[in-house]
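Report on the structure given below.
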Amino acid sequence: MRPLVDAQRAVLAAVKRLPVMAMGLREARGLTLAEAVTAPHDIPPFPNSAMDGYAVRAADVSDVPVVLNVLEDLPAGTVPRESVGPGTAVKIMTGAPMPDGADAIVPVEATDAGSTTVEIRERADAGDHIRLAGGDVVAGTVVLEPGIRLTAAHLGVLASVGAAWPHVHRRPLVGILSTGDELVPPETMNLERGKIRDSNRISLRHVVEEAGAVAVDFGIAPDDPVVLRRALGHAAQECDLVVTSGGVSMGEYDLVKQVLGELGGVDFWKVAMQPGKPFAFGDLDGTPFFGLPGNPVSVMVSFEQFVRPSIMKLLGSAALFRPRIAGTMTQDVVTNPAKTVFVRVATSNGSNGWEATPSGAQGSNVLSALAAADAFAVVDVGRGVVEAGETVPLEMIRWPESRTAEEALA
Ligand code: AMP
Ligand code: MG
């Protein structure tokens, strides 16, 4: 059996990040920035009011109340025509440029809100409620570094500096295919005896898309070498990465194994992990191929350990692996000491810190326990038993990646 980290290293060495292209902001969520983006001008671009109120000279409002003449009305988006001299004010809205001569804003709440004259009821100091040019970002500074995966706030920053077509790594296309004569589509109403609904494909679609890639669905392939060969050929041609489930263990009908053996380029591994020991990896005409086991929990665990980090690498992200935090097991857990075991757990964070409780039966077919889990408690090779109260690393499977390959595979 291969140690898990060795298998992960070998997989990641074979996966390369995708080329860079310009991408509109609406399409860029979850993609990785491939360039440093610099602000071409100050943000805000001009000094402006932080409040609805009156632009005044602080010197005029040091003794209150005082009445000033209102020169004009400045909504956001307009430009001042008047400059503020002694005894005068300009009515101003949040975001409108500061008129010349004014050095403070008096909020409307501190006035009688007048239109031709205004009574100022509270004093103001120079600089009050003014947003300076460059107060957020100074012209010429780098606002975002390459390697950042773009979230909503990052995309807002890019919009504010006019970087409407940032250079990012292209979004990966990930082909997914279920294999097995027993599988029927999830919509099937009456299950014939011996058949089961295909659950892996819908789970894979969503984990692929959650990771930031596009899932390309190649459906269900029966255990038929001709059909399988054709489906794998299409998938490899159209996609940047191909994931199948089923057919890679030792059974006589494990045809994925047979067909891939004939095609060449793919190896069959026994990884020292549980669940997910049988695993095929290699390339189909240059496209990375992952043959995951059939059991639904094995699929998700193998996906987390191998496919997801590979998608992150295709995306150009520096962080490839989910975060791990230390937690306490609330129950005794006995595992196979020859393998890295991923115990499906539900976590809680209370006065005792993070605690983890197995979320159900741990069989590799028990999808309900995975659905109830938000972390894997990772029991490393050699440990075997975790007693209640002992500390164990928790891999947080709903948190975004934070660990680089160097950190995770050290
Ligand atoms: P295999 O690796 O093909 O021998 O499959 C192992 C187990 O996983 C068998 O019980 C299969 O019926 C089940 N299985 C395989 N593919 C799927 C799927 N797409 N959805 C749900 N269960 C599956
Ligand atoms: Mg099968």
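Keep in mind the model is a prediction, meaning the values are calculated, not measured. First listed ligand is number 1; within each ligand, the first listed atom is number 1.
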Nearest-contact summary for [atom] - protein heavy atom, Å:
atom	answer
atom 19 (N) of ligand 1	D198 OD1, 2.7 Å
atom 18 (C) of ligand 1	N200 ND2, 3.1 Å
atom 4 (O) of ligand 1	D254 OD1, 3.7 Å
atom 12 (O) of ligand 1	E182 OE2, 2.6 Å
atom 21 (C) of ligand 1	S199 OG, 3.4 Å
atom 7 (C) of ligand 1	N295 OD1, 3.4 Å

Backbone or side chain, does any N or O of [X] fall under 3.5 Å from an N or O of ligand 1?
X	result
G294	yes
R201	no
G247	yes

Does the side chain of [X] pick up a donor-acceptor pair with the side chain of [Y] at under 3.5 Å?
X	Y	answer
N200	S178	no
D100	S83	no
T357	T330	yes

SG on C239 to CZ on F218, rounded to 0.5 Å = 4.0 Å
note = Taking only non-hydrogen atoms of S178 and a 4.0 Å limit, the atoms of ligand 1 in range are 19 (N)
ask   = Looking at the rings of F279 and F306, which for Trp means the six-membered one, are their centres under 6.0 Å apart?
value = yes
task = For the pair T141 (side chain) and V143 (backbone), establish whether a donor and an acceptor sit closer than 3.5 Å, ignoring hydrogens and angles.
result =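 No; judged by distance alone, with no hydrogens or angles, the pair does not exist.
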request  = For ligand 1, indicate whether the residue I196 contacts it via side chain, backbone, both or neither (heavy-atom separation under 4.0 Å).
outcome  =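 Side chain only.
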task = Please state which part of L183 comes within less than 4.0 Å of ligand 1, counting heavy atoms only: side chain, backbone, both or neither.
result =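 Near ligand 1, L183 shows its side chain, while the N, CA, C and O stay back.
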ask   = If every non-hydrogen atom of L320 is compared with every non-hydrogen atom of A405, which pair is closest and at what distance?
value =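 Shortest heavy-atom separation between L320 and A405 comes out as CD1-CB, 3.9 Å.
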query = With respect to P275, which candidate in P293, S298, P296 satisfies the side-chain contact (heavy atoms from CB on, under 4.5 Å) definition?
reply = S298
